[in-house]
Amino acid sequence: MKNVLKHRHLFVFVFLLLSSLLYSQEEIDLLSNQEEKKPLKKTASAVSKVEDIYTRASDSLPKNIDFWSDYPDDLLAKALVGRMTNEELLSQILMFGWAGAEPEYILYQWVGGRGLGSVKVFGWNTDDINLVAKSITSLQKSAASRRFKIPLFVATDQEGGWIRHVKGETAVTPGNMAIGSSGYPVDAWKSAYYISREIKCLGINMNFAPTVDLFTNHDSTIIGTRSFGDDPYKSGVLGAAWASGSEAAGIIPTVKHFPGHGDTQYDSHIHFPEINIDWKTFNERELVPFKMLIEQKVPAVMSGHLSYPQIDKTGAPASLSKYFLTELIRNQLGFKGLIITDDMTMNGATFYAGSLSNAFKCAIEAGNDIVLSSKTARLEEPLWTNNLALMSTSQEFEQRVKEACYRVIKAKLEYFKNKEVAPAPLYPDASQISKYIPDREGQKFFLQQACRSIAIKKQTNLPLKAENAGRVLLAGSTNAFFAQGKKRYPNSGIFSYHLDLGPNETQWRSEDLPKYVSGYDTVIILVNSERAATIAKSLKDCGKRVVVFSIMTPTYSYDLDFADEILVGYSYSDYSIEALFGALNGEYQISGTIPFEN
């Protein structure tokens with residue numbers, strides 16, 4: 001990873017800006033027409049040869065080596081693997097989250113007692129960011145107490161937009177679809193850079209982003225504005241810029257969800273999605289952004305719990321498929337980095353595997369290097385005991401664990417010992433947190449980026465100034481919406497409803513809104529969901545000027561063409577709300593586009 005990080009982010013940044021989102025036809029043909037390679041067969045002699053690599057490396061170094069010893073990364077990684085027990089090997093390729101604000105005692109048993117390799121910070125851990133930093137420090141000290149002193153990968157999901165697991169004062173950004181709307185690689189690069197600077201100061205060193213799933217199925221509620229749009233080449237360019245900005249800030253990006261979550265309306269947390277497309281469509285659409293990022297040597301990819309039955313006839317989710325993770329991404333596409341599963345407690349994995357223990361086994365055998373669980377396993381759960389026992393009875397499984405462990409340790413050596421880009425601190429400095437959260441430079445940028453992203457779906461007479469708006473009613477669900485509206489239209493009235501509407505409130509407010517508008521000339525309404533769109537539909541025959549601010553997925557505004565103006569903003573971020581009102585009021589020229597076909 002050291003070679004990956006060294007100057008690469010600068011090269012990619014310049015290249016992407018010069019490319020202006022365009023690949024040559026020759027490059028597109030090359031990406032789309034890669035020939036399939038035949039699976040590689042692993043013989044018994046090949047297994048022995050792999051074993052000898054770790055043994056020889058171990059024998060060549062002194063007895064007292066640890067992670068921080070001064071030897072070449074490849075040699076040291078192999079030597080450490082050669083000296084590790086089966087318990088240490090298996091633990092190193094696992095990643096666990098924890099349930100509460102602070103890690104429970106059992107997680108320390110996994111880290112300090114068994115040598116757990118990675119931990120994940122989820123949204124339920126992060127209201128107090130100072131406590132997050134304190135917890136990470138404590139966990140890293142526990143890892144450092146072991147004989148090889150191997151530090152932890154500490155990951156989170158800080159995609160931007162509505163996926164923001166680290167909370168507190170961190171930025172709520174306009175998000176990926178807003179980046180797709182402006183179309184500038186620099187917006188993707190800087191978004192990742194500022195997001196990464198915030199989480200880095202807490203000791204988080206890996207981010208499960210960017211999301212390069214395409215917005216193919218417009219009924220999807222799990223992807224939506226997490227996508228850059230439906231253009232695979234544009235998504236690949238923006239995703240590569242995002243990954244480069246993350247690395248420039250010292251955070252390891254993880255591209256997801258391989259091989260693509262966009263063409264299904266089902267959430268793999270709950271369902272087992274099947275995407276029933278043929279190879280040609282798959283190769284020329286879903287795979288394109290992943291191919292482009294692999295060419296740019298992205299350091300990590302997340303495998304998704306998604307079945308493509310026409311591509312892998314077994315019907316296995318990609319996260320448990322040897323075809324997808326060993327034959328396709330490794331052998332055919334040449335990916336050299338880490339493969340990390342999506343959360344294995346999700347139904348998309350366990351429905352197919354039958355049990356969590358078997359899902360872990362299948363994930364390892366398929367080719368994942370890190371297996372993620374949002375919960376900390378009990379010490380004697382079958383996912384541990386069964387797979388540990390299998391290492392003693394199956395040489396092939398043992399070697400697969402060693403191979404994964406080697407990749408993890410080598411990636412850690414290249415990251416934590418990098419002299420070109422400073423990694424996240426093992427022990428974050430509490431005094432520095434307020435300096436970077438919120439990131440002051442980032443705040444200025446995200447407002448500018450939000451303004452570049454605003455698009456017009458319909459217009460009749462823009463701009464709408466206070467002097468020609470008459471009396472304005474603001475109908476919405478966020479404090480920023482009412483504050484920014486009052487700033488432009490000081491005498492406006494307020495009609496409020498919750499951001500997350502229930503069915504009863506939807507009906508109640510839909511009946512009430514037409515009664516409120518009689519004393520107003522203009523209604524500006526915020527639409528973030530189908531239920532908010534239902535409330536907006538109650539204005540169809542109100543006889544007033546109606547302005548719709550569409551935030552989140554623009555498809556929610558598709559049935560609102562009766563409105564006089566429809567502006568699209570993609571996010572409930574305060575930056576996006578301010579940008580929408582600025583656009584309506586004529587404070588800048590609107591230049592964004594809706595980044596998918598209607």
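Any value given below was found using the heavy atoms of this structure, including those in side chains, with hydrogens, waters and symmetry copies removed.
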Identify the heavy atoms of [X] and [Y] that sit nearest to each other, and give their distance.
X: Pro232; Y: Leu214; answer: CA-CD2, 3.8 Å
X: Glu284; Y: Tyr233; answer: O-OH, 4.4 Å
X: Pro185; Y: Ala241; answer: O-CB, 3.5 Å
X: Ala79; Y: Ile65; answer: CB-CD1, 3.9 Å
X: Ile339; Y: Asn368; answer: CG2-OD1, 3.3 Å
X: Ile370; Y: Ser118; answer: CD1-OG, 4.0 Å

Tell me every residue that passes side chain to side chain contact (heavy atoms under 4.5 Å, CB included) with [X], counting only those two or more places apart in sequence or in another chain.
X: Arg407; value: Arg330, Leu338, Asp369, Arg400, Glu403
X: Ser227; value: Phe215, Ile223
X: Ile437; value: Ile129, Glu169, Thr170, Glu198, Cys201, Leu202, Ile433
X: Ala155; value: Met95, Lys120, Met206, Phe208

Taking side-chain hydrogen bond (donor to acceptor under 3.5 Å, both in side chains) as the definition, give me every residue that meets it alongside [X], ordered by chain and number, with sequence neighbours left out.
X: Ser357; answer: Asn386
X: Ser235; answer: none
X: Thr314; answer: Asp312
X: Asn207; answer: none

Could you go through residues 376-383 and list every donor-acceptor pair under 3.5 Å that involves a side-chain atom there, pairing it with any protein atom two or more places apart or in another chain?
unit_1	atom_1	unit_2	atom_2	d
Thr376	OG1	Gly97	O	2.6
Glu380	OE2	Arg114	NH2	3.1
Glu381	OE2	Arg378	N	2.9

Could you check whether any side-chain N or O of [X] sits under 3.5 Å from a backbone N or O of [Y], counting only pairs where one atom can act as donor and the other as acceptor?
X: His305; Y: Asp343; value: yes
X: Ser135; Y: Leu131; value: yes
X: Asp73; Y: Lys410; value: no
X: Tyr54; Y: Tyr406; value: no
X: Ser394; Y: Leu390; value: no
X: Lys200; Y: Ala249; value: yes

Using side-chain heavy atoms (C-beta onward) and a distance below 4.5 Å, is [X] in contact with [Y]?
X: Lys291; Y: Asn283; answer: yes
X: Lys322; Y: Glu327; answer: no
X: Gln92; Y: Val81; answer: no
X: Lys417; Y: Pro423; answer: no
X: Lys375; Y: Phe122; answer: no
X: Gln296; Y: Ser244; answer: no
X: Met344; Y: Leu320; answer: yes
X: Phe153; Y: Phe416; answer: yes

From [X] atom [atom1] to [Y] atom [atom2], the distance as rounded to the nearest 0.5 Å:
X: Ser191; Y: Ile179; atom1: OG; atom2: CD1; value: 3.5 Å
X: Asn205; Y: Tyr415; atom1: CG; atom2: OH; value: 4.5 Å
X: Asp213; Y: Phe228; atom1: CG; atom2: CZ; value: 10.5 Å
X: Asn387; Y: Glu398; atom1: CG; atom2: CD; value: 13.5 Å
X: Ile195; Y: Ile251; atom1: CD1; atom2: CD1; value: 11.5 Å
X: Glu441; Y: Tyr193; atom1: CD; atom2: OH; value: 7.0 Å

Report task. Please test Phe324 against Ser303 for side-chain contact (heavy atoms from CB on, under 4.5 Å), starting from the C-alpha separation and ending with a verdict. Result -> CA-CA 9 Å; Phe324 277 115; Ser303 59; over 6 Å; no
Query raised in the report: Could you walk me through whether Val132 and Val166 pass the side-chain contact (heavy atoms from CB on, under 4.5 Å) check?
Result: CA-CA 9 Å; Val132 173; Val166 180; 5.6 Å; no
Query raised in the report: Between His257 and His261, how do the two ring planes meet: parallel, tilted or perpendicular, split at 30° and 60°?
Result: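 Ring orientation of His257 relative to His261: perpendicular.
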Report summary line: side-chain hydrogen bond (donor to acceptor under 3.5 Å, both in side chains) pairs touching residues 95-112, sequence neighbours excluded, are Tyr108-Ser138
Report task. Not counting sequence neighbours, list each pair that qualifies as a side-chain hydrogen bond (donor to acceptor under 3.5 Å, both in side chains) and has a residue in residues 58-70. Result ->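 Qualifying pairs, neighbours excluded: Ser58-Arg83.
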Query raised in the report: When you look at Ser319 and Thr341, which way does the side chain to side chain donor-acceptor pair (under 3.5 Å) test go after all the steps?
Result: CA-CA 6 Å; Ser319 56; Thr341 71; over 6 Å; no
Report task. Please report the C-alpha distance between Trp242 and Thr211 in whole Å, then the side-chain angles of each, then the deciding distance to 0.1 Å, and finally whether the side-chain contact (heavy atoms from CB on, under 4.5 Å) criterion is met. Result -> CA-CA 9 Å; Trp242 212 105; Thr211 298; over 6 Å; no
Report task. Take His165 and Val121 through the test side-chain contact (heavy atoms from CB on, under 4.5 Å) and record every step on the way to the result. Result -> CA-CA 7 Å; His165 281 196; Val121 176; 5.9 Å; no
Requested in this report: State whether Lys256 and Asp157 are salt-bridged, where the test is any N-O pair (Lys NZ or Arg NE/NH1/NH2 against Asp/Glu carboxylate O) under 4.0 Å.
Outcome: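 Looking at Lys256 and Asp157, the cut-off is met.
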Query raised in the report: ring pair (Phe, Tyr, Trp, His ring centres under 6.0 Å) with Phe290: which residues, sequence neighbours excluded?
Result: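 Once residues adjacent in sequence are excluded, the partners of Phe290 under the ring pair (Phe, Tyr, Trp, His ring centres under 6.0 Å) criterion are Phe258.
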